[in-house]
Each structure stands twice: as structure tokens, then as C-alpha cells.
Amino acid sequence: SISLEQALVSALERNLDLRVESHAPLLREADLTLARSRFDPVGFWRLSRQRSIQQGSSQLAGGNTVQQIVDQMRTGVRKTGLLGTSYDVAVGGRRTASNSSFANQRVQYATDVTLTVTQPLLRNLGFAVNRTDIEVAETGLDQAYYTFQNVAIDVVTRTEKAYWDLVFARENQEIQADSLRLAEESLQITRLKLDVGTASTIDVLDSQSDVAEARRVLIQADNQVKDAEDQLKGLVRPSDMGWLWNVTLVPTSLLPLDAGRVRAPGIDLFQSIDHALTYRPDLLSLRLGVSRQGLEVQRAKNQLLPKVDVEGSVTWNGLEDSFEEAMDTTTTADFYDWQVALAVEIPFGNRAAMARYQQALVGLRQASDQVERAERAAVLEVRAAVREVDSKLAEINAAKEAKGFARAKWEAERTRYQSGERTAFEVNEFRNDYIRARFNEVRAFTEYFKALADLKKSESSALERLRESGYRPLPRDR
């Protein structure tokens with residue numbers, strides 16, 4: 001046996017559509033990490049050796065053959081800040097060995113410490129423009145979760161409707177089994193009447209035909225039960241082949257067929273519309289798309305500005321006979337050089353930046369229009385879903401009344417048949433009308449519960465029942 005809630009929870013835990021969609025948030029989280037990594041510090045290290053042998057061309061060359069070996073090492077850290085500022089701190093060391101007669105020492109050591117800072121003044125200046133990639137990635141992550149939630153709602157709705165289809169199929173199977181039993185009882189009575197001369201052969205043939213037809217419909221009903229089971233199994237445990245072949249699903253949530261007149265559940269149309277406009281994940285995702293496109297407009301607008309950067313650097317250095325002495329000299333800061341520069345870059349026409357800005361503006365307008373269109377569609381969908389629920393509810397009560405009348409007529413005609421006032425054909429028709437009325441009642445109840453499932457989907461409340469039970473349907477429930 002399986003309850004509706006068990007079916008929904010199992011579907012959310014094992015459904016293949018959700019398993020596929022669950023990878024998207026992980027990919028978007030990687031995108032977010034990638035965007036943030038732009039501001040991570042980067043360490044660098046470089047080691048090199050250079051050797052040269054030069055033929056002296058004059059007395060000023062320092063010898064007939066001048067040999068020189070230069071070993072260099074440089075290490076440091078560079079980083080870009082959220083304001084757009086880039087920092088570069090480096091420490092370098094150089095060992096120079098030369099046989100030139102002009103060299104003060106055969107071996108010399110030089111060290112330096114350099115700090116370089118570059119600050120944009122127009123283009124790429126500010127927290128907003130430099131955080132754009134991060135905010136876009138965060139928006140993409142949120143959209144991935146909303147898409148996952150939308151798929152989860154769809155899975156819940158399909159599972160609930162498949163569950164009620166199975167309930168209907170089993171109820172219909174029971175109805176058709178009753179139909180066959182009643183047809184066989186009618187055939188038995190007709191044969192007894194034939195024996196006493198109150199029925200004709202044609203009455204027996206008609207009753208036999210009715211039994212054969214009832215048996216055919218029951219065979220179809222049995223097959224519909226198996227089809228409905230497979231549909232529900234495919235949603236609840238799609239990968240469990242043993243469960244598919246060896247388990248028979250018996251729903252524990254049944255249709256209230258014995259209840260009296262069914263009353264409306266008190267659905268507030270405007271409350272349902274407000275709930276849909278506030279919580280539907282597809283709408284929330286589209287609204288995030290507007291925010292995302294706004295970020296692109298902000299970045300494209302900044303790129304219209306000319307590139308004006310201030311660059312500054314200062315270097316402290318030392319030159320001695322040993323590495324330690326050179327570093328000591330460097331740290332005294334007695335020997336240094338500094339540089340300040342202003343770099344300006346203005347593209348003529350600036351057509352590329354202007355085209356990107358226009359694209360971003362059009363994309364923003366398009367995203368806004370998509371939200372408006374989706375909101376209108378959501379309102380219409382909720383209105384239609386509420387009307388469908390009301391219509392199916394009215395059908396239930398009408399089907400109940402029709403079933404009561406059909407049963408009363410059939411029982412009356414059966415009594416008249418037993419007294420010889422009706423033929424087998426006539427009483428069989430009334431019995432079939434009663435069976436159809438029972439079928440219609442079950443179908444009306446099933447369609448009503450399926451309409452409720454569609455309403456919960458349209459107003460985005462399909463997961464609330466599971467949340468109330470303490471189950472978290474989503475990896476990051478919102």
C-alpha cells in the first residue's frame with residue numbers, strides 16, 4: 001500500500017528529472033566561485049640564468065673576451081581589489097659575475113623591493129562595476145534553484161495526478177467487476193424464467209451478450225490498472241526494476257464516494273492569484289532575469305567611459321658584495337626610485353561599447369516584457385484552474401444525483417422484470433445506465449482531485465503540504 005504523501009516524497013527523492021536538474025545549482029555555484037576568484041591574490045615566482053660571452057672591440061670593452069653570468073630571482077603577490085585597484089608587491093634579487101676590468105667586483109649582488117599600484121579613475125572604477133560578475137553569478141545560482149523548484153512542483157503535480165489515476169483505475173475495476181457479477185445474476189434469472197416459460201430465447205441471448213460485454217470491459221479495466229501502476233511507478237521509483245516487476249501498488253487515499261453532497265473548499269480566487277504572483281518560481285526566476293540584465297546595463301554604461309588610470313610605483317634597491325648586505329641596504333630605503341603616470345585610452349567612435357550598451361538596454365526591456373507576459377499568463381492560469389475546480393465539484397454533486405436516480409430506476413425495473421412486466425433487454429439497459437452513473441461519479445471525483453493538483457501547481461502551493469509535514473523538498477528550500 002502507498003499513501004499520497006509517500007508517493008510524493010518518494011518521487012522527489014528518486015525522480016530522474018529532478019536528478020538531472022539537481023546538477024544545475026552545482027554548476028552555478030562553480031560559476032560563482034569562478035567570479036569571486038578574480039579577486040583572489042596571485043603569487044608568482046621566477047628564476048632565470050643568463051650567460052654572455054662578448055668579444056672586446058675596444059679598450060673600453062673591459063677585456064678581449066668579456067664573460068658575464070647573471071642569475072635572477074623574482075617573487076611577489078598581485079591582487080585586484082573590489083574598487084578596481086590592482087596591487088603588485090615584488091621582491092627581486094640578482095647575482096652578476098663578470099670578468100670585465102671595469103667591474104668594481106667580480107661578483108655583485110643587487111636586490112630590490114617594488115610596490116606598484118594602478119587605480120582606474122573612470123572605466124572599471126567602483127564596487128558596483130567590479131562586482132557585476134559576482135552578482136550575475138549569484139543571480140544565476142538563484143535562478144537555478146528556482147528552476148529546480150519549478151521542476152519539483154511539476155514532478156509533484158504529475159505524481160499526484162498519476163496517483164489519482166491509479167485510484168480511479170482501481171475503483172473502475174471494482175465497478176466493472178460488479179457489472180459482470182450483476183450481468184451474470186441477470187443471466188441466471190433469465191434462464192430460470194425461460195425454464196418456467198416467462199422468458200424467451202431472445203432474452204437469454206441478450207443477457208448472454210450483456211455478460212460478454214461486461215467481461216470485455218472488465219478486461220480493459222484490469223489493463224488500465226496495470227498501466228496506471230506503471231505510470232506511478234515510473235514517477236516514484238523509476239530506477240528500481242525489482243519494484244517495477246514485483247510490487248503491486250494499492251493506494252490508501254481513497255475517493256469519498258460514500259459522502260453526501262460535497263461542499264466547496266472555499267477557494268479565494270484573488271488570494272490564489274496573489275500567492276502565484278508572489279511565490280511562483282518561474283516568475284521569480286524571470287524577475288531575477290530583469291535584475292541580472294540591469295547589472296549588464298550598469299556594466300555596459302561604465303564601459304562607455306574613457307579609460308583613465310593612475311599608475312604609481314616605488315622601488316627600494318641595494319647593491320653589495322653579498323646577498324645579505326644587499327638586502328640590508330634595500331631595507332634602509334636610502335636608495336630608491338619612484339614613478340607616477342597617467343594613462344588615457346579613448347577609442348575613436350567607441351562603437352563597440354555603444355553597441356554593447358544598446359544590446360543591454362534592449363535585453364532589459366525584453367526581460368521586463370517577459371515578466372509582464374508571464375504574470376498575465378499566470379493570472380489566466382489560476383483563473384482557469386479555479387474555474388476547473390468549481391466545475392468538477394459541481395460535476396461530482398450532479399454525478400451523485402444521477403447515480404441515485406439511475407440506481408432507483410434500475411432497482412424498480414428489475415422488480416418489474418422479475419414480475420414479467422419488462423424484458424431482459426430493457427432491464428439490462430437500466431443496469432448499464434447505473435454502472436455508467438457509478439463510473440461517472442468516480443471519474444468526477446478523480447478529475448476534481450486532479451484539478452486541485454493543477455490549481456496547487458498554478459498558484460505554487462504544491463510543496464507546502466510536504467513542508468508542513470517537515471519534509472524539505474529542495475536542497476536549499478526557499
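Looking only at atom types and distance, the side chain of Glu320 has a donor-acceptor partner in the side chain of Thr329 under 3.5 Å away. If you check the side chains of Asp112 and Thr114, you find a donor sitting under 3.5 Å from an acceptor. Side chain to side chain, Thr330 and Thr111 meet the donor-acceptor criterion of an N or O pair below 3.5 Å. A donor-acceptor pair shorter than 3.5 Å cannot be found between the side chains of Asp321 and Gln108.
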- [ ] Could you walk me through whether Ser313 and Gln339 pass the side-chain hydrogen bond (donor to acceptor under 3.5 Å, both in side chains) test, one step at a time?
- [x] CA-CA 5 Å; Ser313 67; Gln339 175 182 339; 4.5 Å; no
Task: Worked check of side-chain hydrogen bond (donor to acceptor under 3.5 Å, both in side chains) between Thr332 and Asp334 - done: CA-CA 5 Å; Thr332 63; Asp334 292 334; 3.3 Å; yes
Task: Verdict with reasoning, Glu447 to Ile396, per side chain to side chain contact (heavy atoms under 4.5 Å, CB included) - done: CA-CA 9 Å; Glu447 293 300 322; Ile396 288 175; over 6 Å; no
- [ ] Carefully, step by step, assess Arg443 and Asn172 under the rule side-chain hydrogen bond (donor to acceptor under 3.5 Å, both in side chains).
- [x] CA-CA 9 Å; Arg443 171 59 72 185; Asn172 181 53; over 6 Å; no
Open item on the list: Quick one, Arg158 with Asp154, criterion salt bridge (charged side-chain N to carboxylate O under 4.0 Å, His left out). Give me CA distance, side-chain angles, the key distance, then yes/no.
Closed with: CA-CA 6 Å; Arg158 287 191 288 130; Asp154 181 68; 3.0 Å; yes
- [ ] Just do the side chain to side chain contact (heavy atoms under 4.5 Å, CB included) check on Thr159 and Val236 with the steps written out, would you?
- [x] CA-CA 7 Å; Thr159 302; Val236 173; 4.3 Å; yes
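Here Lys392 contributes atom NZ and Asn397 contributes atom CG; the two are 13.5 Å apart, rounded to the nearest 0.5 Å.
Summarising the local packing, NZ of Lys79 is surrounded by more than 12 heavy atoms from other residues, nucleotides or ligands at distances under 6.0 Å. No more than 12 heavy atoms of other residues, nucleotides or ligands lie within 6.0 Å of CZ in Phe335, so this atom counts as exposed by the packing criterion. Applying the 6.0 Å contact sphere to CZ of Arg356 captures no more than 12 heavy atoms from other residues, nucleotides or ligands. The neighbour count for Glu135 CD, taken as heavy atoms of other residues, nucleotides or ligands under 6.0 Å away, is above 12. Around atom CD of Gln271, no more than 12 heavy atoms belonging to other residues, nucleotides or ligands sit under 6.0 Å away.
No salt bridge links Arg438 with Glu441; every basic N to acidic carboxylate O contact stays at or beyond 4.0 Å. Under 4.0 Å is where a charged nitrogen must lie from a carboxylate oxygen, and between Asp142 and Arg28 no such pair does. Here Arg170 pairs with Glu229 in a salt bridge; the nearest charged N to carboxylate O distance falls below 4.0 Å. With respect to the salt-bridge test (charged N to carboxylate O, under 4.0 angstrom), the residues Arg36 and Glu138 qualify. Contact check on Lys161 versus Asp165 returns no salt bridge, with no Lys/Arg side-chain nitrogen under 4.0 Å from an Asp/Glu carboxylate oxygen.
Of the residues Glu459, Glu464, Lys456, the one that meets the side-chain hydrogen bond (donor to acceptor under 3.5 Å, both in side chains) test with His275 is Glu464. Of the candidates Arg280, Lys457, Arg376, Glu381 forms a side-chain hydrogen bond (donor to acceptor under 3.5 Å, both in side chains) with just one, namely Arg280.
Taking the centre and axis of the six-membered ring of Phe44, the NZ or CZ atom of Arg78 falls inside the cone set by 45° and 6.0 Å.
The minimum heavy-atom distance linking Ala97 with Val107 is given by the pair CB-CG2, 4.2 Å.
Looking at heavy atoms from C-beta onward, Leu286 lies out of side-chain contact with Val290 at the 4.5 angstrom threshold. Counting heavy atoms from C-beta outward, Phe445 and Val167 have side chains that stay 4.5 Å or more apart. Counting only heavy atoms from C-beta outward, the side chains of Val371 and Glu375 approach each other to under 4.5 Å.
Taking the six-membered ring where the residue is Trp, Trp164 and Phe449 present parallel rings, their angle staying beneath 30° rather than reaching 60°.
Aromatic pair Phe168/Phe439: centroids less than 6.0 angstrom apart.
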